[in-house]
Amino acid sequence: MNLNFQLDDLRVFCLAARKASFAATATELGTSPAYVSKRIALLEKALGVTLFHRAARRVTVTEDGERVYASAQQIFQGVDHLGETVAGGRLDPRGTLRVTTSFRLGRRHIGPLLSQLAQRHPALDITLDAVDRRVDLIAENVDLDVRVGAVDEPHLVAHQLAAGARLLCAAPSYLARRGAPASVAELSRHDCLVLRDRNQAFGVWRLAGPSGEEKVKVTGRLASNNAEIVRGWGLDGHGIVLQADWDLHDDLAAGRLVPVLPGTTQPADIWAASTVRLSHSAKVRACVQFLREELAGDGPFALRRSHAIHGRG
């Protein structure tokens with residue numbers, strides 16, 4: 001294998017892979033399909049692999065091509081990062097920004113806010129993946145993971161975006177049928193709707209209240225890895241839920257859910273984890289600062305926090 005090739009050839013290949021057409025690639029580059037075909041052929045010769053299955057009007061990436069494409073994205077991000085590091089992070093945000101977060105936080109808040117960020121910085125290409133699991137930022141080539149809960153990986157940089165807490169609540173119909181627990185320990189005798197959260201031990205609730213920090217093992221007939229489903233079961237009167245105050249705000253305000261053990265909470269601040277410091281990456285810095293301002297502000301996608309956190313209904 002001869003690795004003597006130009007980065008420009010790699011860029012031509014990536015563009016052709018996205019467009020699945022040498023002609024469309026040539027049009028965007030302002031050149032000819034023959035030129036594109038020549039650059040791809042030179043890259044294939046240098047790498048010793050076939051990158052495309054060629055047809056009359058369309059090309060498709062081979063398995064080797066898919067691996068080269070994934071590696072190329074890492075190379076280009078590394079080049080972007082090198083430029084930002086040399087410039088001390090003073091460049092305008094540009095390049096690809098890959099963000100991960102949980103499903104509900106992404107749908108209700110992070111997704112709409114990244115739409116606004118993209119409008120503010122047109123040189124920024126943003127990818128948002130919603131996954132309810134712990135993400136390996138290095139292995140999965142992620143720039144920023146927005147999560148509920150602290151960043152405990154020692155090799156990552158933590159950025160707090162907004163304050164938050166998880167609250168206990170239930171539907172009035174459930175409390176009328178089963179009564180309200182008088183202590184954290186009594187939760188073990190209730191039907192609790194357990195969320196298989198990506199950052200929490202399953203079925204174990206650690207709570208802080210008037211008696212300090214307590215831990216209780218909870219069980220129930222229903223469990224899910226989706227917070228929206230769990231909250232729906234709570235609204236249907238199936239049991240007690242423990243979810244973020246900003247996620248419960250509307251239901252608590254409307255009386256569809258009622259606080260249980262007011263003043264007893266679980267920390268649920270919003271954090272972003274990155275592999276680089278803000279001073280080293282303009283795109284990560286711009287995203288963190290924007291999310292921090294908007295989540296804590298009064299805009300349509302800010303976090304709405306409930307008074308029930310302080311024991312007031």
Side-chain angles (χ1 to χ4, degrees), residues 7-8 10-20 24-25 27-30 66 68-131 135-148 151 156-162 270-303:
L7 279 180
D8 285 346
L10 207 55
R11 295 186 190 278
V12 170
F13 158 69
C14 290
L15 182 59
R18 290 195 294 270
K19 291 188 172 295
T25 301
T27 299
E28 180 155 332
L29 294 176
E66 290 178 355
V68 171
Y69 183 87
S71 296
Q73 299 311 301
Q74 296 181 9
I75 290 172
F76 293 140
Q77 288 189 9
V79 171
D80 290 342
H81 176 61
L82 174 62
E84 289 181 347
T85 301
V86 172
R90 293 186 294 273
L91 301 176
D92 292 333
R94 62 179 60 250
T96 300
L97 176 71
R98 186 175 180 198
V99 182
T100 54
T101 191
S102 61
F103 284 103
R104 185 155 178 81
L105 187 60
R107 185 175 67 82
R108 295 193 62 182
H109 299 280
I110 305 305
L113 290 176
L114 291 181
S115 174
Q116 296 179 13
L117 182 67
Q119 293 175 350
R120 180 177 294 191
H121 299 292
L124 203 55
D125 296 328
I126 301 174
T127 298
L128 175 63
D129 290 332
V131 290
V135 176
D136 186 332
L137 275 72
I138 296 176
E140 300 180 52
N141 198 28
V142 173
D143 295 299
L144 207 63
D145 179 46
V146 181
R147 61 179 69 172
V148 180
V151 178
L156 297 180
V157 184
H159 319 279
Q160 187 172 11
L161 301 180
I270 308 298
W271 290 81
S274 68
T275 58
V276 297
R277 299 190 180 279
L278 298 187
S279 59
H280 290 169
S281 174
K283 62 184 181 183
V284 173
R285 181 174 66 252
C287 186
V288 167
Q289 292 176 347
F290 181 76
L291 293 178
R292 184 178 287 156
E293 292 169 3
E294 294 297 322
L295 290 174
D298 56 3
F301 303 110
L303 299 180

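- Looking at Val288 and Leu161, their side chains come closer than 4.5 Å, going by heavy atoms from C-beta outward.
- When every heavy atom of Pro93 is checked against every heavy atom of Ala123, the shortest pair comes out as O-CB, 3.8 Å.
- The heavy-atom pair separating Ala162 from Leu303 by the smallest distance is CB-CD1, 3.7 Å.
- In this structure, NZ in Lys283 is found 10.5 Å from CD1 in Ile126, a value given to the nearest 0.5 Å.
- Taking OG from Ser71 and CG from Leu10, the interatomic distance works out to 9.0 Å, rounded to the nearest 0.5 Å.
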Residue pair Cys287, Leu114: steps toward the side chain to side chain contact (heavy atoms under 4.5 Å, CB included) verdict: CA-CA 8 Å; Cys287 186; Leu114 291 181; 3.9 Å; yes
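- Applying the salt bridge (charged side-chain N to carboxylate O under 4.0 Å, His left out) test to every pair with at least one member in residues 121-131, sequence neighbours left out, gives these pairs: Arg98-Asp129.
- Listed by chain and number, the residues in a side-chain contact (heavy atoms from CB on, under 4.5 Å) with Ala20 are Arg58 (sequence neighbours excluded).
- Looking at every heavy atom in both residues, Thr101 comes nearest to Asp145 through N-OD1, 4.1 Å.
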Donor-acceptor pairs are to be reported for all side-chain atoms of residues 292-301 against protein atoms at under 3.5 Å, with residues two or more places apart or in another chain.
unit_1: Arg292; atom_1: NE; unit_2: Gln160; atom_2: O; d: 3.0
unit_1: Arg292; atom_1: NH2; unit_2: Gln160; atom_2: O; d: 3.3

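- Thr96 OG1 to Asp143 CG: the interatomic distance, rounded to the nearest 0.5 Å, is 8.0 Å.
- Residues that satisfy the side-chain hydrogen bond (donor to acceptor under 3.5 Å, both in side chains) test with Glu66, not counting sequence neighbours, are absent from this structure.
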N/O donor-acceptor pairs under 3.5 Å from side chains in residues 270-278, not counting sequence neighbours:
unit_1: Ser274; atom_1: OG; unit_2: His159; atom_2: NE2; d: 2.8
unit_1: Ser274; atom_1: OG; unit_2: Val276; atom_2: O; d: 2.6

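- Note that NE2 of His109 is 11.5 Å distant from CG of Leu291, once rounded to the nearest 0.5 Å.
- By the side-chain contact (heavy atoms from CB on, under 4.5 Å) test, Ala24 pairs with Lys19, Ser21, sequence neighbours left out.
- In plain terms, the two heavy atoms of Ala17 and Tyr69 that are nearest each other are CB-CD1, 3.9 Å.
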